[in-house]
Amino acid sequence: MGYRILLVEDEVGIRVALEDRLRVVGYEVETADNGRVAVERASEGGIDLIILDLILPGMDGLEVCQELRQRGIFTPVLMLTARAQLEDKLRGFAQGADDYLTKPFDFLELLARTKALLRRSVDADADETPRTYKFGNVTLDARQSTVFVDGERLSLSMKEYDLLHFFVRHAGETLARERLLSEVWNYERGMPTRTVDVHVGWLRRKIKDDARNPRWIRTVYGIGYRFSKA
Ligand code: CA
């Protein structure tokens, strides 16, 4: 199965119980106890679903949702709330939550919603992109977020993976450093464009692309890079 869920809940009892039960049914689970941490973690990528409590210290669930959507992160969100008011439900959807569950809830109900949201997002991905890309001896499996060279699994950081995934999905396009910063790093103000070059250097080494005469990740002088599958 291999889906990774980010569970955001400040009440430790609920968080631990849910984490355990989700693990038992086969999900990988990461947790956060406040909204700020959740936004940062979700921004790094690799999360398939966020289960997000509405009432959190500091930044609440609605603000987390809003912030994620503003950053261009559309990971499905299942919002949990103790408040049963319709108003919250409507606000939640307006901020970009995909589904909503009122506490107290039955675990099987949570599981059913979780499965439905994951299925929906996997289907949506499938419409857009194939899940496996092959070039030379390199295979990128987008479903598992893994990359293999000559059948050996590479150890990539999240950003290296995201960058390579972005390249293969935009093969043949000239990609300016600024665009890569914006779409792969969710650009933070003042971030140097050299960030891109450093990561490209690491990636080339890992996928055994010759930096002096690259076959796949080619430099476009003065602009950025172009990924070539040929
Ligand atoms: Ca709470």
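The structure presented is a predicted model; accordingly, all values stated were derived computationally and were not measured. Numbering of ligands and ligand atoms starts at 1, following listing order.
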Is R23 atom CZ crowded by more than 12 heavy atoms from other residues, nucleotides or ligands, each under 6.0 Å away?
yes

Of all N, O or S atoms in D10, the one closest to the Ca ion (ligand 1) is OD1

I want to check something: taking the side chain as every heavy atom from C-beta on, are F227 and H170 in contact at a cut-off of under 4.5 Å?
no

O (I55) to the Ca ion (ligand 1) to OD2 (D53), nearest 10°, is 80°

Looking at the Ca ion (ligand 1), which N/O/S atom of E11 is the nearest one?
OE2

Presence of salt bridge, D106 and R113, under 4.0 angstrom:
no

Residues K208, D150: salt bridge by 4.0 Å N-O rule
yes

